[in-house]
Each structure stands twice: as structure tokens, then as C-alpha cells.
Amino acid sequence: MKYDHTEIELRWQDTWDKKNVFLAEVDHSKPKFYCLEMFPYPSGNMHMGHVRNYSIGDAMARFQRMMGKNVLYPMGYDSFGMPAENAAKKERGHPADVTNRNISSIMSDQKRMGYSYDWGRQFATSEVDYYKWNQSMFLDLYEKGLVERRSAPVNWCVDCDTVLANEQVKNNRCWRCGLEVVQRDMSQWFLRMTQYSDELLDSLDQIGFPENVKAMQRNWIGRSKGAEIRFPVEGSNHEIACFTTRPDTIFGVTFLTLSPEHELCPILCSGSSWEDGWLELKDECAKLSEFERINLLKEKKGVFLGRYALNPLSGERIPIYAGNFVVAGYGTGAVMAVPGHDQRDFEFATKYGLEIRTVLEDGSNSNSEESASSAFTGYGPMFGSTRMELDGLAGDEAKSAVISLLESENSGSGKTQYRLRDWLLSRQRFWGTPIPMVHCSSCGTVPVPKEELPVTLPLDLTFSEDQGGNPLASHEKFCSVNCPKCGIEATRETDTMDTFYDSSWYFMRFCDAKNSESPFSRQAVDYWMGDGVDLYIGGIEHAVMHLLYARFFTKATRDMGMNSVGEPFERLVCQGMLNAPAPYCKSCNAEYHVDLDGQSCPSCGDVLGTRSAKMSKSLGNTVSPVEMIDRYGADTVRLFILFGANPEAGMEWSDTAIDSNHRHLVSIIDAFQAPLSFGDSKQNIDNWLLAKGRYNMIRWMQSMENVSLREGVMISHYEMLSDWQWYQRRGGSDRNAALSYMSIWAQMIAPATPHIAEELWMSIGGKGMLANKIAKPEEVTQDDKVLLATETYLKSVIDTSRNLLTLAQRHSDRPLERMVIQTAPSWAQDLASEAVSLSRVGFDFPNSGLDHIKSHPTFTTSEDKGKVMQTWSMITTGAKKKRGKIQTWSEDEKALISIPEMELSILDADRHFIATSLGIKQVDVYEAGLGEDVGGKARFAMPLEPGIAFV
RNA sequence: GCAGGGGUACCCGAGCGGUCAAAGGGGCCGGACUUAAGCUCCGGUGGCAAGGCCUUCGUGGGUUCAAAUCCCACCCCCUGCACCA
């Protein structure tokens, strides 16, 4: 068969499409499987990262379909967002046009890969039919009290001209453009995600996310339990509230530290000689955020504010400081400093000569040198407190005792603090969902009534690069509206929604994509997402943002009665990085663009080497999927991706490997041609072939089920071929057996390389299409096990012999021509077989084995009692460092041993094959003791390990 | 600093108490096929005096009759968070 991959692939894609084989319908008679990939932002062409993501998903979707599941496998586009807006500015067009162009490009690339999506459910989030539901659910959330408009200091990116959510700020920089963010006080829309902090954190334990993703989310939510303690300020009515996780160290407080931005700072020091110092510190901190804050903040700095507070439990008078290391936005922005038991406070106290007091016993016996340079931050019994009843308490017990004491004296309380903030939803950008609100001078902010939805983005706009701000704000027709409440002239809200809102529920829309009455029907979502999306595949970069928002949204809609799903994603697989070589300078530890390949380092002048680095435009080490599809076909690209590495592992692009994968596919095609010329010639090896096929398929199914795709593909595309080659080498040539093997094989290669699988399936006369065929799980019988063990045994005898032959040949001055194989004597075989039976009933060989053999007829009647005893112990308990054979034989080998004379008959039947494999003229096989003991090799003869001699 | 994941033969990578000198792939070497190269097939790929012995799974200790695998300490790499009280 000529392998014209383009012709074959396009033909099958067309057939699948015409027969609608991938359309999904609710069907309660089958178990469902929802396979989902993180839908792409349509930035242009499909890149290799997409190909990897979708090849994994498609293999799983196809596999689960074959396993008889009702599979939902949809695709759509996350098409709102800034890049389209920026591109529109460049070409003086409209983002809608840019977006539509990109969507059709990426969609056609996806179709060319042959992914089995239900295209009937496809949508893009920038379509009115989608985003009107964004608005409708926003109003529902508003109704439910989960939407809030409030003025707060927010992160502003000057370059992107918009506010950012907390999750979108990394290292104080904008996640998109990398520019340092600034704080601004603005009135903004928030979703009250913090209402769900505890559930978002606690239910992480129940879901199948990778550990690192769970860790990142836990870290992000950042729940810490402790207490809020109020310290009265001496000589004033003010109190300073401090959050601490260590109330048990309250008697070690020797000062308080406020963040320089803390509202009490000016109150405490204004007009005093300390005011200038505070102002200076505050200015310095504000300036610092404009450049490398992280590096410069290593040094702790603080100023005394000139006032004292009182320890609420001891009444002790303690100084109040402002310190640059106290974060205004966390807790109360004020810290009770315990230098004896907190490293940061220790450093601060050391620098400013403040008292360092120990109030917990350090049981670890650390030496005095260590304690001079660090605080003891562990737990230990309290001592020296002014409240005797607390002394001696440690850990949680101490914490709760202090908390109840504070509560009873009304100077503090137990408190749980979270790092998670509410989701800042509004963006000052055009290309997003308009927030359906109206600002009225007399009614305030008023929601747009549902029946007036959608609030549509105007299309009669052009964009240009010299334009700043949000063009919506200057679009008069859009802005002018009458107040829905009182009817007077009002203005529309011009902020749009964060695009992460769009992707927070798209997976529910996929369940019911054409619904025109509501975002989705409860029945459809409950059916497809009853226990979550069964498999969700995407990049680790969404570990916090998207995955947290989507979990929140699912819980919020559940509580609004829209579904009964608690967690959206039951199992998450994050595919690894796709790497390719890039020029690399070892001494500078820097990677460079491939243009510098073979040249010297631009900064130090050393000769550049290469190193594997993430495929990226900036390094230029990307590979174009379309080019590869043209050259090798979609099937080869898919095989390369799946065989190259397991989904979670990083993988390396390799030109030689994809080439070799392509040749491998050609070998499989060639293998399928062979049976066509076969006739009827039934032999023993045919049964082996069928048994091996069944055995492989079962292992394959297990691997695929676990999403161990590399392992699965190794079995379906590699082991199946080598087993086929072994069959032919062993002289197999039966048409029926071969076709039966091929029919299993074609099914196994279908999930990874579906086009060629269909073609091969058709070529062997298979009925219907593999795309909707249900694979029948096969059983491996006891007979199969013996057949499998037979060939393994034969292979091992040949391998050992080959090794022995080279050694023997070394000591011989003429070519060795004859091989003599002596199998273990029948009494030894019998003992082995008996030992196998005994081991199955848990016989105690170390203790009772000796008695057993001493009274055994084989031993009592034997001429050579020593030999019998030695054999028995080698079988049962082992000798020297080796364990008894009984413990090392596999189940298959045990099955083989239990059949009398089996070894002899296997070897005897295949004398000719052994001879050819070794290049020997003659092979003689007999039982040790029943023929001449050639070379004295009879003594090596053990069950499954015959004595072998060459002459 | 904290958290998560890693370090296995020339390279990639499986194994996670004994069946392990360690699957599979790539590369390399040899043989067969071929006029030849390529393709394909077969074999080899830690060392040696070879049915065995010795050395090896980041480094050093330990547990065990037995350790790549379990425990402890250390070193290195990746990823994320980071003065979070």
C-alpha cells in the first residue's frame, strides 16, 4: 500500500464528518465521559503546545468511545481579550474581524489534525449568544449578593490601561505585559469569591488535581488560623489590632510594627519629632515599588513613632515602630513583634537594639551560638508569663488558652486570615463583555433588567494606535441610556469583564451549547458533569487563575440552583513543556535566539553551546505544526507527541525522532499487507500470536485508562509490531490467525493514529468504522499463559545459548557445529512441579522443606541423595545470595513447569529454529541422564534452565 | 526562606524491597539483505579470565539475609509563592 498520508487523512476526516460520528447526545443507558481541553485563545495559528494538548485529549476521547462510553468532547474559543484589541489598533480595524480571522485559521488546523470534536457545540466567547449569558449570570450573582462595587486600592497597569485582578499580578508585575503595576484607588466591580474560601480550600483534598496545582491553590488561598489581638495605645483611645498565628508568644512581644502606610501612623506621630522619620520611610517604600523592590527590600528598616502601646495581658509598655517589611494589605497591616520567636522580628530587634525575650522553652538543645543568631520559631511550653495558669502549656493548647483569655477580657479573639481576595472583575478595555449596569445620578448604580439584555458591544468603531483608553467610553450611542429605575438620562457602565469570567463556565455551556433560553439546562450539566469533567487537560499556567475562578463559579452557580455540581474538574492533567534546543551560554546561564546558533555569547564572548529550552517565539526554536503535517501527516505528528513522553512530562522536539516515528508507521502499514498473501497453514505459533494479541490489548487498556499514553502507544505501536515480527520469524503464515491479530491491532492504534487505523481496518475487511467501534475486552486464559510462557522460554534458551556459544567458540580452534541440550531429569521436573503446588497452598519451605524431602520417595529411593537434596533446596530455599526458584518464577513459568515433559517437547519441536537462530548445524535435545552427558553439562540442568553444550 | 516535583547507563526515559547489569526508544557498533547507499530484519552496546564474578541508578550514612527501590543527612536541577506576621 502506498502511504499517501494527506489523501488518506483528508478522506477519513471527510467520512467521519459526513457520518456525524462524533456528535454527542445525552444517553442514560451508557456511562458518560466528558473529555475537555482548555480551549484556546485564538491568537493566530495552532502551535505545537496546542497540538500536544489536543493530541492527548483526542487519544483519550477516542479510547473512551471505544470502551463504550458516551463521550462529550467539545471545542470552542476563548476569544475576548487584549491581543485582538491591540491587533485591531495596528491594522485600524475592529477586534471582531481579527478574532474571526484567527478562529477560522486555528479551527482549520485542528480539523487537519483529525481531532474528534463534536463541532456542533462549537462557540466563541466573543459571540453575543455566549456573552449575553455572561451578563445574565452577572445579574444573578448581583441578586445573590456576590457582586459588589467598591472603592479600593487596585492594581493598575499603565501599559494595558486597565486594572488587574490580584491573581494577574506576578512579582508586582502585569502577567501580560510584564510592566510594574501601580496602586490606584478606584471604584470597581468585585465578585465575592472570598465567600467560598473555605470550600475552595477544603474540597481540594477530594479532587484529582496534580499535587503541585493543589499546593499552588492552597498557597494562594492562604488560610492561617490565629488571633487578632488589640493593643491599646498609651494615652489615647486608639487601639492597634494585630493578626498573629502565634498567640502563645504574646508575652514575648517587645514592640509593635506597623506598615508605613498604616492609617494610625500619622495619628500617632504627627506634630512630633518622629514625624519626619516616618514620612521619609513611607516615601521610600512608595518609591521602591517603582523599581526592583524585591532585591532592595532585603534590608529591614524601621522608625520609632514616639508612642507606646500596652500589652493587653501583661500591661507592659511597648514601643510602636513602623517597618518597611510589614505588608499593608495582609491581616491588619500591623504586627506584634516577638523577636525571641520570629526570625524577622529578631533581625529587626537586633538592628535597633530592642529587647529579645524568650517565653517558650526550646527543647531542641540547640547550642548557644545558634540561638545568638536566630529566633526559636518552634513550639515549646510557655514560661515566665504574668498569668501563671498559662505557664507550661504548649502548641495548640497554649494558643487556645491565650485566645480564650483574650476573649474573656475583650482584648482580642480567635481569627482566621486568608490571603485570597475578592475577584476584581472590571476592566477598562473594549474587547470583553460589557458589564450590564447603568449609572444614574439619582438612583446610583442600577442593574440592566434581564429582558433588556444583551448589552451589545458596538461594531461601528475603528481602532487606531494613537487612541488611548477605552473606546466604549466615547461611544455616545452606547453610553447614553435611560435609567431603568427612574427613567431619567443616565450612562452605561463602560467597564467590561475580565476574560477569565468567560472561561469560568464555558465547560457548562458545552453541555448545552445551543440553549437559547438559559446559559445551560440543569439536566444537561448534571448529566455530563455529574461527577465533574472526567478528564481536563491543559497547561500548568492556569493552576491558580482559571482553575480557581472556574471552581468558584461552579460552586456559586450550584448555590443559585443552576446545577448540582460541586467541583467542575474531577481529574486534571497538566501537560508538560515542549522543549527544543536553543543556543546557550554556560557561564552567563542564558539562552539565546536560534539565530545565534554556533556563534559566540553576546555578553561574555564564550562559544555558545546548546540546551533544551521551552519552545518560544522569543528563542525562535519553535516548530510549525502545519509544516510537519504536510511532510509526515497528522498521524505521525500525533504518534511523535504521544510516544515522545507521558502527558505530564516535559518533552523534547527531535527531528530524527519524528522521522523515525514516520518510518515506524510505514512498517506497521507493511506488516498489515503480509496476511493478504497468506493461506491456510495452522500451526502452534498461531495460537501464541492470538494469545499475545489478547494479552497486549489488556495491558494496553490499563495504560490508556490511566492516561499513561506513552506506555499505551508503546504497546499498540511498538510491541504489537515486534510480536508480529517474531511470529513471522517463527514461520507463522496463517491467514485467519493473522487477520484476527490485525483486527485487534487496528483497534489499538486507532486512538493515537486514527486515520491510518481506519485505512488498515478497511484493508483487512473490517466492518464499519473504528471511530465508532466498541473494542471488546479479551480474556487471557490459562492456556494462553502457557503459550506465552512457551515462547518466552524458547527465547531465553536461545539467548543463553548465544552467549554460551561465543564463549565456547573462544576456546575452540574449529567452528562449533553441534549443540546438545539436556533438560532437567524428570524427577527434578516432578520436584519443581510439586514445589509449585505446595507454594500455592502456602507451604513453609524454610521450616518444613527439609522434613518433606527426607521422607519423599524421590529422595529415599535415589542413588544420588546429595543431588536430589541440592536440587530441592535450589528450587525451594535457594543458595548463596540467590532466593529459591519458587520465589522467582513468574506465574506463566509456574504454569509451564506444571506440565510434564513440556520443556522437552518445546525444545524438540523447535530444534531447527534454534539451530538457525544460532547458526549451528545440528541441535540434539534429550533429558539429562537419558543420553550421553556431552561436556559434563548435565549438572547444570535445572527446571527451565537446561544444560547446554557445544561440540 | 517556604511549598511541590526531580537527579537511573552516551542521550531520552521506565522501574520504586528480592525475578535488576536495570523495560522501551534514540544514537552508536557488528551481521544479514542490496551492485551500493538508504530502508528493513537479526544481534551487540559497564568490566572481566563469563551458565560466573566485580563495579554501577546525585553524595554520604543507616535499616534489612537482601536496597535504584525504605529511613536520615547533604549537594544539585526544575516549577510555583515569597519579608503573609
Side-chain angles (χ1 to χ4, degrees), chain A residues 170-172 210-220 222-224 226 242-246 249 257 259 293-294 297-300 323-327 329-338 341-345 347-348 417-419 540-541 543-544 574 576-577 579 612 643-646 648-652 654 656-657 659-661 663-664 666-667 670-671 708 710-711 713-715 717-719 722 725-726 728-729 798-804 806-808 810-811 878 880-890 893 916-919 937 939-942 945-949:
Chain A
K170 309 270 162 189
N171 273 337
N172 208 40
E211 274 316 309
N212 57 340
V213 174
K214 287 191 190 183
M216 281 188 243
Q217 293 216 351
R218 284 193 190 105
N219 197 298
W220 188 261
R223 178 168 67 194
S224 35
C242 298
F243 175 75
T244 179
T245 55
R246 295 298 301 272
T249 63
T257 321
S259 74
R293 182 175 184 162
I294 299 123
L297 270 184
K298 279 191 177 134
E299 172 129 11
K300 292 188 174 42
N324 65 351
F325 63 99
V326 179
V327 179
Y330 183 78
T332 58
V335 181
M336 63 174 223
V338 187
H341 300 287
D342 181 279
Q343 189 56 30
R344 288 156 306 186
D345 297 339
E347 286 164 24
F348 192 84
Q417 186 71 42
Y418 299 88
R419 219 179 75 106
I540 188 76
E541 67 273 18
V544 174
C574 292
M577 300 268 180
N579 302 316
S612 167
F643 186 63
N646 257 330
E648 294 89 343
M651 84 177 277
E652 190 71 18
S654 153
T656 52
D659 206 64
S660 129
N661 289 131
R663 288 198 307 268
H664 197 89
V666 173
S667 310
D670 288 346
S708 298
R710 185 189 143 89
E711 215 171 287
V713 166
M714 193 154 95
I715 297 168
H717 288 69
Y718 287 79
E719 288 187 27
S722 19
Q725 282 161 352
W726 177 255
Q728 288 193 295
R729 212 177 137 195
I798 293 174
D799 282 347
T800 311
S801 306
R802 191 177 353 253
N803 196 9
L804 294 173
T806 49
L807 293 176
R810 229 184 264 166
H811 297 285
K880 290 194 224 165
K881 280 184 177 174
K882 303 253 169 174
R883 290 193 308 161
K885 296 286 177 197
I886 197 74
Q887 284 159 295
T888 60
W889 282 326
S890 70
E893 284 173 321
T916 340
S917 300
L918 297 173
K937 299 290 186 184
R939 67 197 164 91
F940 288 111
M942 283 287 292
E945 293 165 32
I948 295 161

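First the proteins, then the strands, lettered A, B, ... as listed; each starts at 1.
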J.: Give one of base, sugar-phosphate or nothing for A/Lys937, where a contact means two heavy atoms less than 4.0 Å apart.
T.: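 Answer is base: heavy atoms of A/Lys937 come under 4.0 Å of a base.
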J.: Which distance, rounded to the nearest 0.5 Å, do you find between the NE2 of A/His341 and the OG1 of A/Thr249?
T.: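 Those atoms lie 7.0 Å apart.
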J.: Counting the atoms with a prime plus P, OP1 and OP2 as sugar-phosphate, which does A/Gly323 contact under 4.0 Å by heavy atoms, base, sugar-phosphate, or nothing?
T.: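 Counting heavy atoms under 4.0 Å across all strands, no contact is made by A/Gly323.
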J.: For B/U19, which nucleotide in any strand shown is its Watson-Crick or wobble partner with both distances under 3.5 Å?
T.: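 Base-paired to nothing in any strand shown.
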J.: Under a 3.5 Å cut-off for both distances, is B/C57 Watson-Crick or wobble paired, and to whom?
T.: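 Result: none.
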J.: Less than 5.5 Å between centroids and less than 30° between ring planes, does A/Tyr718 satisfy that with B/G24?
T.: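 A/Tyr718 vs B/G24: stacking no.
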J.: Restricting both atoms to N or O, compile the protein contacts to nucleotides 4-12 of chain B shorter than 3.5 Å, with distance only.
T.:
from	atom 1	to	atom 2	distance (Å)
B/G4	O2'	A/Asn212	N	3.4

J.: Under 4.0 Å, counting only non-hydrogen atoms across every strand here, what does A/Val338 touch: a base, just sugar-phosphate, or nothing?
T.: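 Since no nucleic acid heavy atom lies under 4.0 Å of A/Val338, the category is nothing.
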J.: With a 4.0 Å cut-off on heavy atoms, is A/Asp345 in touch with a base, just the backbone sugar-phosphate, or nothing at all?
T.: nothing
J.: Considering every strand and a 4.0 Å limit on heavy-atom distances, what is the contact class for A/Ser224: base, sugar-phosphate, or nothing?
T.: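 The residue A/Ser224 makes sugar-phosphate contact but no base contact.
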J.: May I ask you to say what A/Thr800 touches in the nucleic acid, namely base, sugar-phosphate or nothing, with a heavy-atom cut-off under 4.0 Å?
T.: nothing
J.: Would you indicate what A/Glu719 reaches in the nucleic acid, counting non-hydrogen atoms under 4.0 angstrom: base, sugar-phosphate, or nothing?
T.: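 Here A/Glu719 touches no strand at all.
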J.: Can you find a heavy atom in the side chain of A/Phe325 that is under 4.5 Å from one in the side chain of A/Val335?
T.: no
J.: Describe the nucleic acid contact of A/Met714 in one word from base, sugar-phosphate, nothing, applying a heavy-atom distance below 4.0 Å.
T.: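 If one applies the 4.0 Å heavy-atom cut-off, A/Met714 turns out to touch a base.
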J.: Please classify the nucleic acid contact of A/Ile948 as base, sugar-phosphate, or nothing, using heavy-atom distances under 4.0 Å.
T.: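 Base contact.
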J.: How long is the line joining CE of A/Met651 and P of B/G26, in whole Å?
T.: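 Answer to the nearest Å: 14 Å.
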J.: Taking the six-membered ring of A/Phe348 (Phe, Tyr or Trp), confirm whether the NZ or CZ of A/Lys300 is under 6.0 Å from its centre and within 45° of its axis.
T.: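 No cation-pi geometry.
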J.: Partner of B/U40 by Watson-Crick or G-U wobble geometry, both contacts under 3.5 Å, or none?
T.: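 By the stated definition (distances under 3.5 Å), B/A32 pairs with B/U40.
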J.: Between A/Ser224 and A/Phe243, is there a side-chain heavy-atom distance shorter than 4.5 Å?
T.: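 Yes, their side chains come closer than 4.5 Å.
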J.: Please name the nucleotide paired to B/U79 by Watson-Crick or G-U wobble geometry with both distances under 3.5 Å, or report none.
T.: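 Pairing partner: B/A3.
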J.: Which of the following nucleotides, B/C83, B/A85, B/G26, is nearest to the side chain of A/Thr656?
T.: B/G26
J.: Have a look at A/Thr244 and say if it touches a base, only the backbone sugar-phosphate, or nothing, with a 4.0 Å heavy-atom cut-off.
T.: sugar-phosphate
